[in-house]
Amino acid sequence: MRHNLMAESEHGEWPSDDSGAVQAVDGGPLLSVEDLQVHYRDGWGWKSMGVPAVAGVSFDVRAGETLGIVGESGCGKSTTLRAIVRLVPIHNGQVYWKGQRIDRMPERAMRPLRQQIQMIFQDPFSSLNPRMTVGQIVAEPLHNFGRYPRAERKLRVMDVLHRVGLNPRVLNRYPHEFSGGQRQRIGIARALIVQPELICCDEPVSALDVSIQAQIVNLLQDLQQEFGLAYLFVSHDLAVVRHLAHRIGVMYQGKIVELAPSENLYRTPLHPYTQMLLKSIPVPDPSISLSVAPEALSIQIEASHKGCPFSARCPIVQERCRNEMPSLEGTEHQVACFNAR
């Protein structure tokens with residue numbers, strides 16, 4: 001049974017405020033990412049080479065939609081989010097917000113748009129300043145963007161804390177006085193208070209107990225329904241993503257290898273890597289063992305490899321896969337695999 005942690009229905013609309021607003025193209029996506037590439041420097045000095053963490057990712061996110069991104073650790077999920085919000089530099093590619101390109105936008109012009117694109121971080125403790133009270137943490141975005149008169153900000157903070165399931169009387173307490181789930185609610189309140197349209201969620205429930213995970217996921221769903229929020233939700237937990245996302249993109253070594261509606265992807269996975277991920281989900285039955293072959297679990301990565309990034313682990317690999325890079329093709333259900341077409 002779901003826990004409804006929201007405020008009363010009369011609070012269900014944002015106050016009118018158009019500061020920093022960019023009008024969306026009619027019928028277009030909120031966020032468009034085209035051939036996004038992010039490289040990290042390998043060592044120091046001018047001779048060091050850039051290691052591709054994200055190697056050409058493209059997708060759209062529409063208003064009110066949740067796009068989930070899944071994949072194993074190190075595949076580039078979190079780096080993709082951080083590049084979109086400009087926390088790490090972009091090597092190549094384009095990012096559009098409501099049809100306006102923002103990846104090369106000067107910081108002064110980008111600053112007002114940050115109100116519309118917020119982020120929830122993975123670690124609910126390290127993402128909160130331990131020297132600030134809850135009231136100061138949640139109110140900080142209002143101070144940064146000059147939102148609302150000073151006398152009104154405390155009321156706004158109390159209201160948003162109530163919306164995320166926290167007692168407004170905790171304003172003067174510090175992050176260390178809260179549990180992990182409560183800290184994550186504080187992080188959600190901080191992102192929510194500037195009335196964003198898109199929230200980038202970087203594994204927001206991975207550090208929480210299973211029962212608390214369910215509460216946070218329910219809270220995110222309630223907020224989405226109430227305010228029409230869009231989420232870009234990164235996780236390695238396939239069950240959580242299936243419950244929350246409308247569409248899912250599967251990443252492997254910096255590329256999206258499959259992108260499809262949630263139920264389509266779980267019912268008929270086309271890419272061998274997606275099939276392997278789904279087979280690796282633990283089943284609560286000791287008589288059932290994992291059906292993934294041991295050789296498929298071994299990681300073999302070649303930096304100079306020019307073909308499909310999964311070819312070294314693929315059980316149905318062909319010679320073409322080792323020499324050519326498959327593109328993401330399809331309409332509703334897209335896949336980057338020569339053998340799945």
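One-based numbering along the sequence shown. Side chains included, hydrogens not; waters and symmetry mates left out as well; all remaining heavy atoms used.
- Taking the ring axis of Phe178 as reference, the NZ or CZ atom of Arg183 does not stay both within 45° of it and closer than 6.0 Å to the ring centre.
- Residues Val317 and Val335 are members of separate hydrophobic clusters, defined by side-chain heavy-atom contacts under 4.5 angstrom among Ile, Leu, Val, Met, Phe, Trp and Tyr.
- Looking at heavy atoms from C-beta onward, Gln115 lies out of side-chain contact with Gln195 at the 4.5 angstrom threshold.
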For a side-chain contact (heavy atoms from CB on, under 4.5 Å) check, start with the C-alpha distance between Val70 and His236, then their side-chain angles and the critical distance, and finish with the verdict. CA-CA 5 Å; Val70 300; His236 62 270; over 6 Å; no
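- With no hydrogens or angles considered, a side-chain donor-acceptor pair links Gln37 and Asp35 at under 3.5 Å.
- Shortest non-hydrogen contact noted between Ala189 and Val138 is O-CG1, 4.0 Å.
- Seen from the ring of Tyr273, Arg313 does not count as a face-on cation partner, given the 6.0 Å and 45° thresholds.
- Across every non-hydrogen atom of Leu36 and Val54, the tightest pair is O-CG1, 3.3 Å.
- Using a 4.0 Å cut-off between charged nitrogen and carboxylate oxygen, Arg114 and Glu197 do not count as a salt-bridge pair.
- Rounding to the nearest 0.5 angstrom, the gap separating the CG atom in Leu220 from the CG atom in Asp222 is 9.0 Å.
- Neither Leu161 nor Phe125 shares a network with the other; the hydrophobic side chains, linked directly or stepwise wherever heavy atoms of I, L, V, M, F, W or Y lie under 4.5 Å apart, form separate groups for each.
- Looking at every heavy atom in both residues, Gly71 comes nearest to Lys77 through O-NZ, 3.1 Å.
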Mind running salt bridge (Lys or Arg N to Asp or Glu O under 4.0 Å) on Asp103 and Arg101 for me, showing each step along the way? CA-CA 6 Å; Asp103 58 283; Arg101 186 171 178 179; 2.7 Å; yes
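- Under the ring-ring contact (aromatic ring centres under 6.0 Å, His included) criterion, His246 pairs with no residue at all, not counting sequence neighbours.
- A salt bridge does not link Glu140 to Arg190: none of the charged side-chain nitrogens sits closer than 4.0 Å to a carboxylate oxygen.
- For the atom pair CD1 of Ile102 and CE of Met110, the computed distance is 4.0 Å after rounding to the nearest 0.5 Å.
- Counting all heavy atoms, side chain and backbone alike, Val194 lies closest to Ala191 at CG2-O, 3.8 Å.
- Arg156 and Glu152 are joined by a salt bridge, as a carboxylate oxygen and a charged side-chain nitrogen come within less than 4.0 angstrom of each other.
- Annotation: cation-pi pair Arg242/Tyr266 present, NZ/CZ under 6.0 Å from the ring centroid and within 45° of its normal.
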